[in-house]
Number of protein chains: 2
Amino acid sequence: MDTAERLIESTRELLWERGYVGTSPRAILQRAGAGQGSMYHHFSGKEDLALAAVRRTIDQMRATADVLLSAPGAAPERITSYLRRERDVLRGCPVGRLTMDPEIIANSRLRQPVDELFGWLRRRLADVVAEGQARAELDPGLDPEATAAAVAATLQGGYVLARAAGSPEPFDHAVDGILALLTCPAT
Amino acid sequence: MDTAERLIESTRELLWERGYVGTSPRAILQRAGAGQGSMYHHFSGKEDLALAAVRRTIDQMRATADVLLSAPGAAPERITSYLRRERDVLRGCPVGRLTMDPEIIANSRLRQPVDELFGWLRRRLADVVAEGQARAELDPGLDPEATAAAVAATLQGGYVLARAAGSPEPFDHAVDGILALLTCPAT
DNA sequence: GTCTATAGGTTGATAGAC
DNA sequence: GTCTATCAACCTATAGAC
(Lines give C-alpha, C1' and ligand atoms only; values in the text may rest on other atoms or scores of the structure.)
Protein backbone atom coordinates (compact mmCIF):
# COMPACT_ATOMS: atom_id res chain seq x y z
CA MET A 1 0.00 0.00 0.00
CA ASP A 2 1.60 3.29 -1.06
CA THR A 3 1.55 6.53 0.89
CA ALA A 4 -1.49 8.14 -0.76
CA GLU A 5 -3.38 4.94 -0.15
CA ARG A 6 -2.41 4.82 3.52
CA LEU A 7 -3.43 8.46 3.91
CA ILE A 8 -6.89 7.77 2.49
CA GLU A 9 -7.40 4.68 4.65
CA SER A 10 -6.29 6.47 7.82
CA THR A 11 -8.63 9.34 7.01
CA ARG A 12 -11.54 6.94 6.48
CA GLU A 13 -10.96 5.39 9.90
CA LEU A 14 -10.67 8.74 11.66
CA LEU A 15 -13.70 10.26 9.93
CA TRP A 16 -15.69 7.25 11.10
CA GLU A 17 -14.41 7.45 14.68
CA ARG A 18 -14.19 11.20 15.21
CA GLY A 19 -15.86 13.00 12.29
CA TYR A 20 -14.39 15.78 10.19
CA VAL A 21 -14.25 18.42 12.91
CA GLY A 22 -12.59 15.96 15.29
CA THR A 23 -9.95 14.78 12.83
CA SER A 24 -6.66 16.66 12.44
CA PRO A 25 -4.15 16.23 9.63
CA ARG A 26 -1.63 15.45 12.34
CA ALA A 27 -3.68 12.47 13.57
CA ILE A 28 -4.06 11.23 10.00
CA LEU A 29 -0.32 11.46 9.34
CA GLN A 30 0.48 9.69 12.61
CA ARG A 31 -1.84 6.79 11.78
CA ALA A 32 -0.59 6.58 8.20
CA GLY A 33 3.03 6.75 9.31
CA ALA A 34 3.71 9.65 6.94
CA GLY A 35 5.15 13.13 7.25
CA GLN A 36 3.37 16.38 6.50
CA GLY A 37 5.08 16.79 3.17
CA SER A 38 3.49 13.59 1.83
CA MET A 39 -0.01 14.75 2.56
CA TYR A 40 0.43 18.17 0.96
CA HIS A 41 2.11 16.57 -2.03
CA HIS A 42 -0.78 14.17 -2.78
CA PHE A 43 -3.67 16.34 -1.60
CA SER A 44 -4.31 20.05 -1.46
CA GLY A 45 -5.27 19.87 2.24
CA LYS A 46 -7.58 18.36 4.82
CA GLU A 47 -10.74 18.94 2.78
CA ASP A 48 -9.30 17.35 -0.36
CA LEU A 49 -8.10 14.27 1.53
CA ALA A 50 -11.44 13.95 3.35
CA LEU A 51 -13.26 14.12 0.02
CA ALA A 52 -11.20 11.21 -1.33
CA ALA A 53 -11.90 9.22 1.85
CA VAL A 54 -15.63 9.99 1.85
CA ARG A 55 -15.97 9.03 -1.81
CA ARG A 56 -14.33 5.68 -1.21
CA THR A 57 -16.46 4.88 1.85
CA ILE A 58 -19.59 5.77 -0.07
CA ASP A 59 -18.66 3.67 -3.09
CA GLN A 60 -18.14 0.69 -0.78
CA MET A 61 -21.43 1.20 1.03
CA ARG A 62 -23.36 1.48 -2.19
CA ALA A 63 -21.77 -1.68 -3.59
CA THR A 64 -22.51 -3.68 -0.41
CA ALA A 65 -26.12 -2.53 -0.27
CA ASP A 66 -26.63 -3.17 -3.96
CA VAL A 67 -25.44 -6.78 -3.70
CA LEU A 68 -27.94 -7.54 -0.93
CA LEU A 69 -30.87 -5.61 -2.40
CA SER A 70 -30.35 -7.01 -5.90
CA ALA A 71 -30.02 -10.65 -4.78
CA PRO A 72 -32.57 -13.18 -6.00
CA GLY A 73 -35.47 -13.80 -3.63
CA ALA A 74 -38.59 -12.10 -2.36
CA ALA A 75 -38.56 -8.40 -1.49
CA PRO A 76 -39.09 -8.88 2.28
CA GLU A 77 -36.18 -11.31 2.40
CA ARG A 78 -33.88 -8.92 0.54
CA ILE A 79 -34.78 -6.04 2.87
CA THR A 80 -34.28 -8.37 5.83
CA SER A 81 -30.86 -9.45 4.64
CA TYR A 82 -29.89 -5.81 4.12
CA LEU A 83 -31.04 -4.74 7.58
CA ARG A 84 -29.59 -7.80 9.30
CA ARG A 85 -26.26 -7.88 7.52
CA GLU A 86 -23.32 -8.04 9.85
CA ARG A 87 -22.54 -4.61 11.23
CA ASP A 88 -20.28 -3.20 13.87
CA VAL A 89 -23.29 -1.44 15.35
CA LEU A 90 -21.54 0.43 18.17
CA ARG A 91 -19.12 2.06 15.74
CA GLY A 92 -22.10 3.63 13.99
CA CYS A 93 -22.61 4.18 10.27
CA PRO A 94 -19.52 5.72 8.64
CA VAL A 95 -21.74 7.74 6.31
CA GLY A 96 -24.59 8.63 8.67
CA ARG A 97 -22.01 9.92 11.12
CA LEU A 98 -20.93 12.56 8.64
CA THR A 99 -24.38 14.16 8.59
CA MET A 100 -23.92 15.28 12.21
CA ASP A 101 -20.74 17.14 11.30
CA PRO A 102 -21.29 20.89 10.87
CA GLU A 103 -18.38 21.34 8.47
CA ILE A 104 -19.50 18.45 6.23
CA ILE A 105 -23.02 19.85 6.03
CA ALA A 106 -21.79 23.40 5.40
CA ASN A 107 -19.45 22.27 2.60
CA SER A 108 -21.35 21.28 -0.53
CA ARG A 109 -18.39 19.38 -2.01
CA LEU A 110 -18.23 17.15 1.07
CA ARG A 111 -21.97 16.84 1.55
CA GLN A 112 -22.74 15.95 -2.05
CA PRO A 113 -21.54 12.31 -2.01
CA VAL A 114 -23.39 11.73 1.28
CA ASP A 115 -26.55 13.17 -0.21
CA GLU A 116 -26.16 10.99 -3.29
CA LEU A 117 -25.70 7.79 -1.29
CA PHE A 118 -28.82 8.23 0.82
CA GLY A 119 -30.79 9.40 -2.23
CA TRP A 120 -29.72 6.28 -4.09
CA LEU A 121 -30.49 4.04 -1.10
CA ARG A 122 -34.01 5.40 -0.69
CA ARG A 123 -34.73 4.96 -4.40
CA ARG A 124 -33.27 1.46 -4.40
CA LEU A 125 -35.35 0.44 -1.36
CA ALA A 126 -38.46 2.02 -2.90
CA ASP A 127 -37.90 -0.07 -6.05
CA VAL A 128 -37.60 -3.24 -3.97
CA VAL A 129 -40.82 -2.36 -2.12
CA ALA A 130 -42.62 -1.73 -5.41
CA GLU A 131 -41.34 -5.03 -6.82
CA GLY A 132 -42.57 -6.79 -3.69
CA GLN A 133 -46.00 -5.24 -4.13
CA ALA A 134 -46.16 -6.31 -7.78
CA ARG A 135 -45.38 -9.87 -6.69
CA ALA A 136 -47.91 -9.76 -3.83
CA GLU A 137 -45.15 -10.11 -1.25
CA LEU A 138 -45.92 -6.77 0.39
CA ASP A 139 -49.07 -4.79 1.22
CA PRO A 140 -50.12 -3.00 -2.01
CA GLY A 141 -51.45 -0.08 0.05
CA LEU A 142 -47.99 1.05 1.13
CA ASP A 143 -46.33 4.10 -0.41
CA PRO A 144 -42.97 2.77 -1.68
CA GLU A 145 -41.05 6.03 -1.12
CA ALA A 146 -42.36 6.57 2.41
CA THR A 147 -41.78 2.93 3.32
CA ALA A 148 -38.25 3.08 1.93
CA ALA A 149 -37.52 6.25 3.92
CA ALA A 150 -38.83 4.57 7.08
CA VAL A 151 -36.61 1.52 6.51
CA ALA A 152 -33.50 3.63 5.85
CA ALA A 153 -34.28 5.86 8.84
CA THR A 154 -34.77 2.90 11.16
CA LEU A 155 -31.30 1.71 10.26
CA GLN A 156 -29.67 5.09 10.88
CA GLY A 157 -31.67 5.70 14.04
CA GLY A 158 -30.86 2.20 15.28
CA TYR A 159 -27.19 3.20 15.39
CA VAL A 160 -28.07 6.30 17.42
CA LEU A 161 -30.07 4.30 19.99
CA ALA A 162 -27.39 1.62 20.21
CA ARG A 163 -24.56 4.09 20.78
CA ALA A 164 -26.60 5.91 23.43
CA ALA A 165 -27.22 2.59 25.21
CA GLY A 166 -23.69 1.31 24.75
CA SER A 167 -25.24 -1.90 23.41
CA PRO A 168 -26.37 -3.24 20.00
CA GLU A 169 -29.67 -4.34 21.53
CA PRO A 170 -31.79 -1.27 20.59
CA PHE A 171 -30.53 -1.53 17.01
CA ASP A 172 -31.61 -5.17 16.77
CA HIS A 173 -34.93 -4.32 18.38
CA ALA A 174 -35.58 -1.50 15.93
CA VAL A 175 -34.77 -3.76 12.97
CA ASP A 176 -37.06 -6.48 14.34
CA GLY A 177 -39.78 -3.87 14.82
CA ILE A 178 -39.69 -2.42 11.31
CA LEU A 179 -39.51 -5.88 9.71
CA ALA A 180 -42.51 -7.09 11.73
CA LEU A 181 -44.49 -4.02 10.66
CA LEU A 182 -43.45 -4.49 7.05
CA THR A 183 -44.29 -8.17 6.76
CA CYS A 184 -47.20 -8.60 9.15
CA PRO A 185 -50.12 -7.78 6.81
CA ALA A 186 -48.64 -9.60 3.81
CA THR A 187 -48.23 -12.98 5.48
CA MET B 1 -30.21 35.88 32.94
CA ASP B 2 -27.08 35.62 35.06
CA THR B 3 -23.66 34.54 33.85
CA ALA B 4 -23.88 30.84 34.80
CA GLU B 5 -27.21 30.70 33.00
CA ARG B 6 -25.83 32.33 29.87
CA LEU B 7 -22.90 29.91 29.89
CA ILE B 8 -25.22 26.89 30.03
CA GLU B 9 -27.47 28.23 27.28
CA SER B 10 -24.53 29.04 25.01
CA THR B 11 -23.12 25.57 25.61
CA ARG B 12 -26.47 23.96 24.75
CA GLU B 13 -26.56 25.82 21.43
CA LEU B 14 -22.99 24.95 20.54
CA LEU B 15 -23.31 21.28 21.51
CA TRP B 16 -26.33 21.11 19.23
CA GLU B 17 -24.58 22.82 16.33
CA ARG B 18 -21.05 21.46 16.63
CA GLY B 19 -21.00 18.64 19.19
CA TYR B 20 -18.65 18.28 22.14
CA VAL B 21 -15.46 17.77 20.15
CA GLY B 22 -16.26 20.77 17.95
CA THR B 23 -17.07 23.14 20.82
CA SER B 24 -14.32 25.12 22.56
CA PRO B 25 -14.62 26.97 25.86
CA ARG B 26 -13.53 30.05 23.97
CA ALA B 27 -16.51 29.82 21.61
CA ILE B 28 -18.85 29.33 24.57
CA LEU B 29 -17.45 32.37 26.37
CA GLN B 30 -17.70 34.48 23.24
CA ARG B 31 -21.35 33.55 22.73
CA ALA B 32 -22.17 34.05 26.40
CA GLY B 33 -20.32 37.37 26.53
CA ALA B 34 -18.27 36.22 29.51
CA GLY B 35 -14.59 36.02 30.34
CA GLN B 36 -12.63 32.90 31.09
CA GLY B 37 -12.65 33.51 34.82
CA SER B 38 -16.45 33.29 34.95
CA MET B 39 -16.52 29.87 33.43
CA TYR B 40 -13.85 28.42 35.71
CA HIS B 41 -15.54 30.01 38.70
CA HIS B 42 -18.94 28.39 38.05
CA PHE B 43 -17.76 25.13 36.50
CA SER B 44 -14.69 22.98 36.86
CA GLY B 45 -14.08 22.95 33.09
CA LYS B 46 -15.50 22.08 29.69
CA GLU B 47 -16.78 18.67 30.76
CA ASP B 48 -18.60 20.01 33.80
CA LEU B 49 -20.29 22.78 31.83
CA ALA B 50 -21.25 20.36 29.06
CA LEU B 51 -22.79 18.04 31.63
CA ALA B 52 -25.00 20.85 32.96
CA ALA B 53 -26.01 21.75 29.39
CA VAL B 54 -26.72 18.14 28.41
CA ARG B 55 -28.82 17.53 31.54
CA ARG B 56 -30.95 20.57 30.82
CA THR B 57 -31.51 19.65 27.18
CA ILE B 58 -32.49 16.14 28.19
CA ASP B 59 -34.91 17.29 30.88
CA GLN B 60 -36.61 19.50 28.31
CA MET B 61 -36.83 16.74 25.72
CA ARG B 62 -38.31 14.29 28.18
CA ALA B 63 -40.90 16.81 29.37
CA THR B 64 -41.95 17.66 25.79
CA ALA B 65 -42.25 14.02 24.77
CA ASP B 66 -44.13 13.13 27.93
CA VAL B 67 -46.77 15.81 27.37
CA LEU B 68 -47.51 14.49 23.87
CA LEU B 69 -47.36 10.78 24.72
CA SER B 70 -49.47 11.17 27.88
CA ALA B 71 -52.18 13.28 26.23
CA PRO B 72 -55.71 11.93 26.11
CA GLY B 73 -56.62 10.11 22.89
CA ALA B 74 -55.91 6.87 21.08
CA ALA B 75 -52.38 5.43 20.99
CA PRO B 76 -51.86 5.92 17.23
CA GLU B 77 -52.87 9.58 17.54
CA ARG B 78 -50.49 10.17 20.43
CA ILE B 79 -47.59 8.57 18.54
CA THR B 80 -48.55 10.61 15.48
CA SER B 81 -48.58 13.86 17.43
CA TYR B 82 -45.19 13.01 18.91
CA LEU B 83 -43.64 12.20 15.53
CA ARG B 84 -45.26 15.16 13.78
CA ARG B 85 -44.63 17.77 16.45
CA GLU B 86 -42.96 20.88 15.12
CA ARG B 87 -39.25 20.31 14.75
CA ASP B 88 -36.35 22.18 13.24
CA VAL B 89 -35.47 19.05 11.28
CA LEU B 90 -32.33 20.32 9.56
CA ARG B 91 -30.74 21.26 12.86
CA GLY B 92 -31.00 17.62 13.91
CA CYS B 93 -31.86 16.20 17.31
CA PRO B 94 -29.85 17.91 20.08
CA VAL B 95 -29.60 14.62 21.97
CA GLY B 96 -29.17 12.19 19.08
CA ARG B 97 -26.34 14.37 17.82
CA LEU B 98 -24.37 13.67 20.98
CA THR B 99 -24.28 9.92 20.28
CA MET B 100 -22.01 10.56 17.28
CA ASP B 101 -19.47 12.34 19.45
CA PRO B 102 -16.52 10.11 20.41
CA GLU B 103 -15.79 12.01 23.62
CA ILE B 104 -19.41 11.88 24.80
CA ILE B 105 -19.56 8.12 24.20
CA ALA B 106 -16.18 7.52 25.85
CA ASN B 107 -17.14 9.53 28.95
CA SER B 108 -19.69 7.68 31.09
CA ARG B 109 -20.70 10.84 33.01
CA LEU B 110 -21.64 12.56 29.75
CA ARG B 111 -23.17 9.50 28.11
CA GLN B 112 -25.34 8.51 31.07
CA PRO B 113 -28.07 11.17 30.68
CA VAL B 114 -28.25 10.46 26.93
CA ASP B 115 -28.62 6.75 27.66
CA GLU B 116 -31.34 7.45 30.22
CA LEU B 117 -33.35 9.65 27.87
CA PHE B 118 -33.47 7.13 25.04
CA GLY B 119 -34.11 4.30 27.51
CA TRP B 120 -37.02 6.25 28.98
CA LEU B 121 -38.37 7.12 25.50
CA ARG B 122 -38.34 3.52 24.33
CA ARG B 123 -40.14 2.35 27.47
CA ARG B 124 -42.68 5.18 27.23
CA LEU B 125 -43.39 4.40 23.58
CA ALA B 126 -43.66 0.67 24.36
CA ASP B 127 -46.23 1.47 27.06
CA VAL B 128 -48.26 3.53 24.61
CA VAL B 129 -48.13 0.68 22.08
CA ALA B 130 -49.25 -1.83 24.73
CA GLU B 131 -52.10 0.48 25.79
CA GLY B 132 -53.15 0.78 22.16
CA GLN B 133 -53.18 -3.00 21.82
CA ALA B 134 -55.29 -3.37 24.97
CA ARG B 135 -57.81 -0.92 23.49
CA ALA B 136 -57.77 -2.63 20.09
CA GLU B 137 -56.26 0.46 18.45
CA LEU B 138 -53.12 -1.36 17.34
CA ASP B 139 -52.31 -4.84 15.99
CA PRO B 140 -52.11 -7.16 19.03
CA GLY B 141 -49.43 -9.23 17.28
CA LEU B 142 -46.81 -6.46 17.53
CA ASP B 143 -43.99 -6.66 20.05
CA PRO B 144 -44.29 -3.36 22.00
CA GLU B 145 -40.55 -3.01 22.70
CA ALA B 146 -39.49 -3.71 19.11
CA THR B 147 -42.19 -1.44 17.73
CA ALA B 148 -41.18 1.34 20.13
CA ALA B 149 -37.52 0.97 19.11
CA ALA B 150 -38.51 1.17 15.44
CA VAL B 151 -40.53 4.35 16.05
CA ALA B 152 -37.72 6.02 18.01
CA ALA B 153 -35.16 4.93 15.44
CA THR B 154 -37.23 6.26 12.54
CA LEU B 155 -37.26 9.66 14.21
CA GLN B 156 -33.50 9.72 14.78
CA GLY B 157 -32.75 8.31 11.34
CA GLY B 158 -35.13 10.80 9.77
CA TYR B 159 -32.86 13.60 10.96
CA VAL B 160 -29.85 11.85 9.40
CA LEU B 161 -31.57 11.48 6.01
CA ALA B 162 -32.85 15.06 6.09
CA ARG B 163 -29.46 16.55 6.91
CA ALA B 164 -27.83 14.49 4.18
CA ALA B 165 -30.42 15.74 1.69
CA GLY B 166 -30.36 19.32 2.92
CA SER B 167 -34.17 19.11 3.09
CA PRO B 168 -36.78 18.04 5.66
CA GLU B 169 -38.52 15.93 3.01
CA PRO B 170 -36.91 12.54 3.84
CA PHE B 171 -37.75 13.07 7.52
CA ASP B 172 -41.41 13.68 6.71
CA HIS B 173 -41.41 10.71 4.36
CA ALA B 174 -39.95 8.41 7.01
CA VAL B 175 -42.52 9.55 9.57
CA ASP B 176 -45.34 9.00 7.06
CA GLY B 177 -43.90 5.56 6.30
CA ILE B 178 -43.67 4.32 9.87
CA LEU B 179 -47.13 5.69 10.75
CA ALA B 180 -48.68 4.00 7.72
CA LEU B 181 -47.06 0.69 8.71
CA LEU B 182 -48.19 1.11 12.31
CA THR B 183 -51.81 1.94 11.60
CA CYS B 184 -52.55 0.04 8.41
CA PRO B 185 -53.61 -3.33 9.85
CA ALA B 186 -55.59 -1.76 12.71
CA THR B 187 -57.88 0.37 10.54
C1' DG C 1 -17.40 37.00 40.64
C1' DT C 2 -15.06 38.61 36.87
C1' DC C 3 -11.09 40.12 34.46
C1' DT C 4 -6.45 39.69 31.90
C1' DA C 5 -2.06 37.31 31.37
C1' DT C 6 0.07 33.38 30.56
C1' DA C 7 1.10 28.51 29.96
C1' DG C 8 2.32 24.37 27.03
C1' DG C 9 0.25 21.99 23.53
C1' DT C 10 -2.32 21.56 18.97
C1' DT C 11 -4.29 23.14 14.45
C1' DG C 12 -3.95 23.55 9.45
C1' DA C 13 -0.78 25.20 6.26
C1' DT C 14 3.74 26.79 4.01
C1' DA C 15 8.90 26.82 3.03
C1' DG C 16 12.69 24.78 1.73
C1' DA C 17 16.30 21.01 2.31
C1' DC C 18 17.20 16.40 0.61
C1' DG D 1 8.21 12.23 -3.04
C1' DT D 2 9.23 12.80 1.58
C1' DC D 3 11.32 15.07 5.36
C1' DT D 4 11.89 18.76 9.14
C1' DA D 5 11.32 23.59 10.49
C1' DT D 6 8.41 27.14 11.09
C1' DC D 7 4.12 29.94 11.21
C1' DA D 8 -0.01 32.46 13.30
C1' DA D 9 -3.95 31.08 15.35
C1' DC D 10 -6.36 28.37 18.55
C1' DC D 11 -7.01 24.86 22.48
C1' DT D 12 -7.95 23.99 27.59
C1' DA D 13 -6.45 25.31 31.83
C1' DT D 14 -4.14 27.97 35.71
C1' DA D 15 -2.53 32.23 38.18
C1' DG D 16 -3.30 36.17 40.23
C1' DA D 17 -5.00 41.07 40.09
C1' DC D 18 -9.17 43.69 41.02
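Residue numbering restarts at 1 for every chain, and letters A, B, ... go by the order of the sequence lines.
Between B:His41 and C:dT2, a side-chain N or O to OP1/OP2 separation shorter than 4.0 Å is absent. Between B:Thr3 and the phosphate of C:dG1, there is no side-chain N or O to OP1/OP2 separation shorter than 4.0 Å. A sub-4.0 Å separation between OP1 or OP2 of D:dC10 and a side-chain N or O of B:Ser24 is absent.
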Polar pairs (N or O, both sides) under 3.5 Å between protein and nucleotides 13-16 of chain D?
from	atom 1	to	atom 2	distance (Å)
D:dA13	OP2	B:Tyr40	OH	3.2
D:dA13	OP2	B:Lys46	N	3.2
D:dA13	N7	B:Gln36	NE2	3.4
D:dA13	N6	B:Gln36	OE1	3.2
D:dA13	N6	B:Gln36	NE2	2.9

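Checked for salt-bridge contact, A:Glu5 and A:Arg56 meet the test: a charged N lies under 4.0 Å from a carboxylate O. Ion pairing between a basic and an acidic side chain is recognised when a charged N comes within 4.0 Å of a carboxylate O; A:Asp101 and A:Arg111 show no such pairing. The residues A:Arg12 and A:Glu9 are annotated as salt-bridged, a charged nitrogen and a carboxylate oxygen being separated by less than 4.0 angstrom. Between A:Glu47 and A:Arg109 there is a salt bridge, since a side-chain N of the basic residue sits under 4.0 Å from a carboxylate O of the acidic one.
Spacing between atom CG of A:Leu29 and atom C1' of D:dT2 amounts to 11 Å, rounded to whole angstrom units. Rounded to whole Å, the distance from CD on B:Gln30 to P on D:dA9 is 15 Å. Atom CD1 in B:Ile28 sits about 11 Å away from atom C1' in D:dT12, given to the nearest Å. When the P atom of D:dG1 is taken as reference, atom CZ of A:Phe43 falls 13 Å away, rounded to whole Å.
A heavy-atom distance below 4.5 Å is found between the side chains of A:Glu131 and A:Arg78. Counting heavy atoms from C-beta on, the side chains of A:Arg163 and A:Phe171 never come closer than 4.5 Å.
Within the cation-pi definition used here (under 6.0 Å to the ring centroid, within 45° of the axis), A:Arg97 does not qualify as a partner of A:Trp16.
In terms of position on DNA chain C, the residue among A:Arg26 and B:Asp2 whose nearest nucleotide sits closer to the 5' end is B:Asp2.
Looking at residues 5-18 of chain A, you'll see that no heavy atom sits under 4.0 Å from any atom of DNA chain D.
Residues passing the salt bridge (charged side-chain N to carboxylate O under 4.0 Å, His left out) test with B:Glu17 are B:Arg31, sequence neighbours excluded.
To the nearest 0.5 angstrom, B:Glu137 atom CD is 9.5 Å from B:Ile79 atom CD1.
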